[in-house]
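For reference, the structure is listed below as structure tokens.
Keep in mind it's a predicted model, so treat the numbers as computed, not measured. Atom set for the values below is all heavy atoms of this structure, side chains included, hydrogens, waters and symmetry mates excluded.
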Amino acid sequence: MSEKKFNAKYCVFLPIVLIVTIFLWAVPVSFYGIPALTVVQQRVIALFVFAALMWIFEIIPNWTTSLLVIVISLLTVSDKGIGFFCDKKFGDLVPFKSIMASFADPVVMLFMGGFVLAIMAEKYGLDVTLARTLLKPFGKKPKTVLLGFLLVIAIFSMFMSNTATAAMMLAFLAPVLAVLPSDDKGKIGLSLSIPVAANLGGIGTPIGTPPNATAVRFLSEAGCEVTFGEWAVRMIPFVLIMLAVAWIILQVFFPFKAKEIKLEIPESSRKSDWKTYVVWVTFIGTILLWATEQWTKINSNVVALIPLGVLTACGIFTKDDIKEINWSVLWLVAGGFALGTCLQGTGLAKVLIEAIPFGSMSVVLVLVIAGLVCYFLSNFISNSATAALLIPILIVVAEGMADPEAANNAQFVALGGTQAMISFIAVCASIAMLFPISTPPNAIAASTGLVETKDMAKVGIIIGAVGFVLGFFWLTKLFPFA
């Protein structure tokens, strides 16, 4: 089976991607029907299509595609690329340092700081201690235990990798699932609580999931700064409402037969020492600094490097721990940032704004279509790749509608403007959870053998629909970013 899939990727999909990319790269500029388009801008369009198709078909790992995008950009559209390719007569070139800076973008550093905290929390038993403490108040009643799992998993997912959170909580849940009656549908509900809460919880903070980080970065580039606290204040209440909806749905579809659930989470085997206390203080201090950015004036991206500095200086975060950082996610995000840099640096964004009548389009229609495309793609490819692909394009759309002379400017501003559009797209990426392949937490839930795809899809489509509608009104009408 895997060999057939391998052959299909390399014998069918790869040639298609290469043919389409080469065609878009090589046709006369006049083919696009955009008068001001340059050859360099044409290359960026071809590069966008290449990245999109490679991410959709997953011919090679997504992070590898991102690296290819950066390398190809440096060679063909930068001011230090291949000599005969990168001549100014072909159009404005992008400073090579700007493209390479994607690897160390402040938002990439923000994510790296989050990874460091997560790695240290697991290494020093903070995760187990927090799980024991947070789940204890929910008692033994099945309904409250289910609610406890939803809330605790969501909290962890706001600061840790969704995948790591799901794997950890499944380990705690496995003994419970084993002792429940085989015909108890509640087992399915408990299993599904893991991916549902992990996916929804990530929406709560800028470091909760890569689409949020991508949104924050491009909003900043567009002059719409969103702090860690501003994002969390608006999105955590949204997450709580969605968790309440999920709690009701899981109980309706998968009612418990058992009257009591005994949840036993063993204490961390690691003994507390000075290193543990330093990790605790650093962990709590970093979160407090993120939450109080408006008062301390310390940028959240700068705060993210504090745990790295403190923990390495104390010899707590070592060279072996560095290997645990999820570099593939960081590089995937960097590839999306590089695409955005090329879009702006070559002037393609401005050309598209002037050539395509974004300013006369229905704002609601643009938001709904963009959200649906994001939701659909995120069910089949990683939400990180979807955000990296769509958000740079939608920033261009938003700039077109934000133009004071645009016919739809008043409506666009009334609906929250650029902040509403981009943050809504990030939400749409995170509520996509129809299939086992949609997210790693979904795959982890499916691995229990208790969850059938139809059950996952049934819950996923309802949560997706509710999240889509609520997210739209939440960010455009109820609590738009100022």
Side-chain angles (χ1 to χ4, degrees), residues 125-158 160 162 164-201 204 236-237 239-269 431 433-434 436 439 441-467:
L126 271 65
D127 52 357
V128 177
T129 303
L130 284 170
R132 280 174 55 85
T133 305
L134 295 172
L135 282 170
K136 193 174 181 179
F138 294 95
K140 298 179 180 179
K141 289 184 179 179
K143 290 182 179 180
T144 57
V145 170
L146 175 62
L147 178 62
F149 262 88
L150 286 168
L151 289 173
V152 172
I153 293 169
I155 291 170
F156 273 84
S157 292
M158 291 178 191
M160 291 177 58
N162 293 354
T165 300
M168 177 184 74
M169 297 308 287
L170 179 62
F172 297 155
L173 188 59
V176 176
L177 297 175
V179 298
L180 285 175
S182 58
D183 60 343
D184 194 332
K185 287 187 176 181
K187 296 171 75 170
I188 302 174
L190 279 170
S191 299
L192 281 173
S193 72
I194 293 174
V196 168
N199 295 328
L200 292 176
I236 289 177
V239 170
L240 293 175
I241 293 172
M242 288 303 302
L243 290 174
V245 171
W247 183 48
I248 294 168
I249 291 170
L250 291 174
Q251 288 182 78
V252 170
F253 287 143
F254 313 108
F256 284 95
K257 204 171 185 180
K259 300 298 181 185
E260 186 178 283
I261 291 180
K262 192 173 183 182
L263 189 63
E264 293 183 358
I265 299 177
E267 290 187 23
S268 173
S269 57
I431 59 174
M433 55 185 91
L434 286 179
T439 68
N442 280 31
I444 288 171
S447 71
T448 63
L450 298 171
V451 181
E452 294 182 21
T453 301
K454 64 178 182 180
D455 294 326
M456 189 173 285
K458 183 167 56 178
V459 171
I461 193 68
I462 296 174
I463 290 176
V466 174

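Residues L151 and W247 are not in side-chain contact: their nearest non-hydrogen atoms beyond the backbone lie 4.5 Å or more apart. Side-chain contact between V196 and L200 is present, with at least one heavy-atom pair separated by less than 4.5 Å. Contact annotation: the side chain of I444 never approaches that of P195 to less than 4.5 Å [non-hydrogen atoms, C-beta and beyond]. Residues V459 and F254 have side chains in contact (heavy-atom distance under 4.5 Å, counting atoms from C-beta outward). For the pair I431/N199, no side-chain contact is recorded, criterion being any heavy-atom separation below 4.5 Å from C-beta on. Residues L146 and F256 meet the side-chain proximity criterion, which asks for heavy atoms closer than 4.5 Å. Contact annotation: the side chain of L135 approaches that of M169 to within less than 4.5 Å [non-hydrogen atoms, C-beta and beyond]. Between K141 and I261 the shortest side-chain heavy-atom distance does not fall below 4.5 Å.
In this structure, CG on L170 lies 9.5 Å from OG on S193, to the nearest 0.5 angstrom. Within the model, atoms CE of M168 and CD1 of I194 stand 10.0 Å from one another, a figure rounded to the nearest 0.5 Å. If you take CE on M160 and CD1 on I153, they are separated by 11.5 Å, rounding to the nearest 0.5 Å. Between I249 atom CD1 and I461 atom CD1 the span is 11.0 Å, to the nearest 0.5 Å.
Heavy atoms only, all atoms of each residue included: F156 and L130 are closest at CZ-CB, 3.6 Å. Taking all atoms of both residues into account, the shortest heavy-atom contact from S157 to A198 is OG-CA, 3.2 Å. Considering every non-hydrogen atom in both V451 and S191, the closest pair reads CG2-CB, 3.6 Å. Contact record, V145 with G139: CG2-O, 3.4 Å, taken as the closest heavy-atom pair. Residue D184 comes nearest to K257 through the heavy atom pair OD1-N, 2.9 Å, listed as atom of the first residue, atom of the second, then distance. The shortest heavy-atom contact between L250 and L150 is CD1-CD2, 4.3 Å.
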- Item | From CA spacing to verdict: side-chain contact (heavy atoms from CB on, under 4.5 Å), V239, M158 | CA-CA 10 Å; V239 170; M158 291 178 191; 4.2 Å; yes
- Task: Just do the side-chain contact (heavy atoms from CB on, under 4.5 Å) check on I462 and F253 with the steps written out, would you?
- Result: CA-CA 12 Å; I462 296 174; F253 287 143; 3.4 Å; yes
- Yes or no on side-chain contact (heavy atoms from CB on, under 4.5 Å) for V128 and R132, after CA distance, side-chain angles and deciding distance? CA-CA 6 Å; V128 177; R132 280 174 55 85; 4.3 Å; yes
- Chi angles and distances behind the side-chain contact (heavy atoms from CB on, under 4.5 Å) call for L190, L180: CA-CA 11 Å; L190 279 170; L180 285 175; 4.0 Å; yes
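A side-chain N or O of N442 and one of T439 form a donor-acceptor pair less than 3.5 Å apart.
Residue K458 places its NZ atom among more than 12 non-hydrogen atoms of other residues, nucleotides or ligands, all under 6.0 Å distant.
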